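What you see is a predicted model, and the numbers here were worked out from it, not measured in a lab. In listed order, ligands and their atoms are each counted from 1. Here, residue 1 is the first one in the sequence, and each next residue gets the next number.
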Amino acid sequence: MEFSHIPVLFQETIDSLQIRPDGVYVDGTAGGGGHSQAILDKLTTGTLLSIDQDPDAVAVVTRRFAGNPCSLVRQANFSQMARVAREAGIDRVDGVLLDIGVSSHQLDTPERGFSYHSDAPLDMRMSQSGPTAADLVNTLSWQELADIFRRYGEEKSARSIAQAIVRAKEDKPIETTLELAELVKASVPAAVRREPGHPARKTFQALRIAVNGELDRLSEGLDAAFSLLRPGGRLAVITFHSLEDRMVKQRMAAWCEGCTCPPDFPVCVCGKKPRAELVYKKGLAPSERELEENPRSRSARLRVCVKLRDHALDD
Ligand SMILES: C[S@@+](CC[C@H](N)C(=O)[O-])C[C@H]1O[C@@H](n2cnc3c(N)ncnc32)[C@H](O)[C@@H]1O
Ligand SMILES: [Zn+2]
């Protein structure tokens with residue numbers, strides 16, 4: 001199986017982790033193994049635990065790193081990384097990488113049902129288990145669907161798309177990507193159909209986020225990663241849209257918060273100290289050159305923090 005993910009912010013991410021040859025690292029989103037390979041290249045006696053929820057990715061990465069004594073590969077959700085690490089005999093780590101979202105492989109494999117460009121079963125499950133996008137579309141009420149399209153896709157025509165779906169499925173369930181794409185196209189105003197980009201783009205993104213519970217898993221994954229890090233360890237997260245980036249930014253800001261005493265207190269009485277420090281104040285965006293070479297990297301952001309201590313009230 002070919003696995004052609006073009007990694008984004010590649011060198012920036014690897015550099016930001018400051019890999020030590022004897023360190024212990026987790027790549028929570030192994031995908032095609034691009035970032036994992038770069039980490040492994042820097043290890044001599046260290047360990048890299050590569051995790052992905054997609055069995056296809058795990059198969060590829062397992063084969064790619066077979067025989068490398070520094071490599072461990074597991075199929076799991078990264079929200080479970082603390083348990084997976086513990087079961088692999090790892091207590092604390094020096095770095096965690098999360099490269100959030102779908103891989104080019106998942107997007108470009110029509111049978112996975114992520115794409116509105118080719119006809120396939122409406123699936124969209126990264127883990128290849130649990131309810132599919134078709135299950136959601138055919139069982140949720142129009143109000144629930146509209147909420148998903150609005151919240152995760154910022155889709156302005158959420159209500160009319162959701163109502164069109166519910167009307168259409170009264171005749172026959174919606175089973176394929178193109179059935180849904182056509183339905184969306186017919187439900188948005190003519191002016192939107194004339195805009196660049198496919199009119200179903202936001203609806204598909206929203207459904208994908210809902211099917212995979214992406215924001216909840218990211219929230220759990222961030223906390224799991226931070227708890228696994230030893231003081232001095234680094235967390236690097238690459239996101240692809242603003243909802244995820246906002247969550248990463250706010251979570252890192254919360255870890256970085258120190259004293260919360262009112263500004264007019266002469267001395268600190270709360271005793272709180274920052275648990276982390278940002279490596280890039282505003283995060284990093286792809287360079288002009290990367291944008292030219294890989295337009296899909298357009299909305300990517302890298303945020304990195306260093307853990308300082310386990311608890312805010314530690315000395
Ligand atoms: C953008 S790709 C990662 C590409 C990888 N960095 C590389 O260099 O090839 C994202 C991968 O993360 C996986 N993934 C997304 N969310 C996940 C989660 N919650 N748990 C585990 N894997 C996840 C997807 O299945 C996909 O293979
Ligand atoms: Zn204080």
Side-chain angles (χ1 to χ4, degrees), residues 1-14 17 25-41 48-62 64-65 73-85 96-109 112 114 123-130 208-225 236-241 244 247-248 257-274 294 296-297 299-302 312-313:
M1 180 197 324
E2 204 196 331
F3 206 115
S4 53
H5 184 75
I6 310 167
V8 304
L9 286 158
F10 186 76
Q11 205 51 48
E12 294 89 336
T13 305
I14 298 302
L17 285 168
Y25 297 89
V26 175
D27 179 351
T29 49
H35 285 105
S36 279
Q37 177 76 67
I39 297 173
L40 283 171
D41 287 346
L48 171 66
L49 172 60
S50 301
I51 293 173
D52 203 293
Q53 63 175 331
D54 185 344
D56 284 5
V58 169
V60 167
V61 169
T62 302
R64 183 166 177 181
F65 303 141
V73 181
R74 296 287 185 272
Q75 187 197 336
N77 199 293
F78 58 57
S79 59
Q80 301 293 311
M81 76 170 84
R83 176 183 56 76
V84 175
V96 178
L97 163 62
L98 295 177
D99 180 10
I100 303 301
V102 278
S103 64
S104 315
H105 171 78
Q106 288 163 335
L107 274 178
D108 297 341
T109 306
R112 300 297 299 271
F114 287 102
D123 189 320
M124 301 196 190
R125 298 166 303 167
M126 291 192 216
S127 66
Q128 302 185 30
S129 66
R208 197 204 81 207
I209 292 175
V211 167
N212 296 288
E214 290 178 38
L215 292 174
D216 290 342
R217 298 298 86 73
L218 176 58
S219 175
E220 295 156 5
L222 290 171
D223 285 342
V237 188
I238 305 166
T239 58
F240 275 88
H241 59 76
E244 298 164 341
M247 181 181 289
V248 177
E257 189 183 67
C259 165
T260 50
C261 296
D264 56 342
F265 274 29
V267 289
C268 168
V269 293
C270 77
K272 284 192 199 142
K273 295 188 173 138
N294 178 13
R296 273 182 187 173
S297 71
S299 47
R301 286 292 172 283
L302 168 66
L313 295 174

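- For the pair Asp27 and ligand 1, the shortest N or O to N or O distance does not fall below 3.5 Å.
- Distance alone, capped at 3.5 Å, places no donor-acceptor pair between the Thr109 side chain and the Arg112 backbone.
- Ligand-side atoms of ligand 1 in range of Asp54: 25 (O), range being under 4.0 angstrom from any heavy atom.
- Each of the following atoms of ligand 1 lies closer than 4.0 Å to a heavy atom of Gly28: 21 (C), 22 (N).
- Remark: Arg64 pairs with Gln37 by the side-chain hydrogen bond (donor to acceptor under 3.5 Å, both in side chains) rule, at least two apart or across chains.
- Checked by atom type and distance alone, the side chain of Gln75 pairs as donor or acceptor with a backbone atom of Gln53 at under 3.5 Å.
- Paired with Val73 under the rule side chain to side chain contact (heavy atoms under 4.5 Å, CB included), one option of Val58, Leu49, Val60 passes, and it is Val58.
- The side chain of Met126, and not its backbone, has at least one atom closer than 4.0 Å to an atom of ligand 1 (non-hydrogen atoms only; side chain from C-beta on).
- Within ligand 1, counting atoms from 1 as listed, the ones closer than 4.0 Å to a heavy atom of Gln106 are 24 (C), 25 (O), 26 (C), 27 (O).
- Interface atoms of ligand 1 facing Asp99, defined by a heavy-atom separation under 4.0 Å, are 1 (C), 2 (S), 3 (C), 4 (C), 5 (C), 6 (N), 10 (C).
- Screening Asp27, Thr13, Val237 against Leu98 for a side chain to side chain contact (heavy atoms under 4.5 Å, CB included) leaves a single residue, Val237.
- The backbone N or O of Ser127 lies less than 3.5 Å from no partner atom in the side chain of Asp54, so there is not a single donor-acceptor pair.
- The distance criterion of under 3.5 Å between nitrogen or oxygen atoms is not met by Phe240 with respect to ligand 1.
- Around the Zn ion (ligand 2), the protein atoms of type N, O or S found under 2.8 Å away are Cys259 SG, Cys261 SG, Cys268 SG, Cys270 SG, listed by chain and number.
- Using modelled atom types, no side-chain atom of Glu214 and backbone atom of Ala210 make a donor-acceptor pair closer than 3.5 Å.
- The two residues Val61 and Ser50 have their closest heavy-atom pair at CG1-CB, 4.2 Å.
- At under 3.5 Å, not a single nitrogen or oxygen of Ala57, backbone or side chain, sits near a nitrogen or oxygen of ligand 1.
- Screening Leu218, Ile238, Leu302 for a side chain to side chain contact (heavy atoms under 4.5 Å, CB included) with Val248, the sole residue that qualifies is Leu218.
- Every residue meeting the side-chain contact (heavy atoms from CB on, under 4.5 Å) condition with Cys270, not counting sequence neighbours, appears here in chain and number order: Cys259, Thr260, Cys261, Cys268, Lys272.
- For the pair Glu220 (side chain) and Arg217 (backbone), a donor-acceptor distance under 3.5 Å is absent.
- The shortest heavy-atom distance from Ser36 to ligand 1 is not under 4.0 Å.
- Every side-chain contact (heavy atoms from CB on, under 4.5 Å) that Ala225 has, sequence neighbours left out, goes to Met81, Val96, Leu235.
- Within the structure, ligand 1 lacks Ser79 among the residues with a heavy atom less than 4.0 angstrom away.
- The heavy atom nearest to atom 23 (C) of ligand 1, out of those in Gln53, Arg74, Gln128, is found in Gln53.
- Near Gly34, meaning under 4.0 Å from one of its heavy atoms, ligand 1 places the atoms 7 (C), 8 (O), 9 (O).
- No donor-acceptor pair under 3.5 Å is formed between the side chain of Arg125 and the backbone N or O of Asn212.
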Discussion item. Under the criterion salt bridge (charged side-chain N to carboxylate O under 4.0 Å, His left out), I'd like the reasoning laid out for Asp52 against Arg74: C-alpha separation, chi angles, the key distance, then a yes or no.
Written reply: CA-CA 7 Å; Asp52 203 293; Arg74 296 287 185 272; over 6 Å; no
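- Under the 4.0 angstrom criterion for non-hydrogen atoms, Gly221 is not in contact with ligand 1.
- For the ligand labelled ligand 1, residue Ser127 lies outside the 4.0 Å heavy-atom shell.
- Selection from Asp52, Val102, Thr13 by nearest heavy atom to atom 13 (C) of ligand 1 gives Asp52.
- Close to ligand 1: Asn77, with a non-hydrogen atom less than 4.0 angstrom away.
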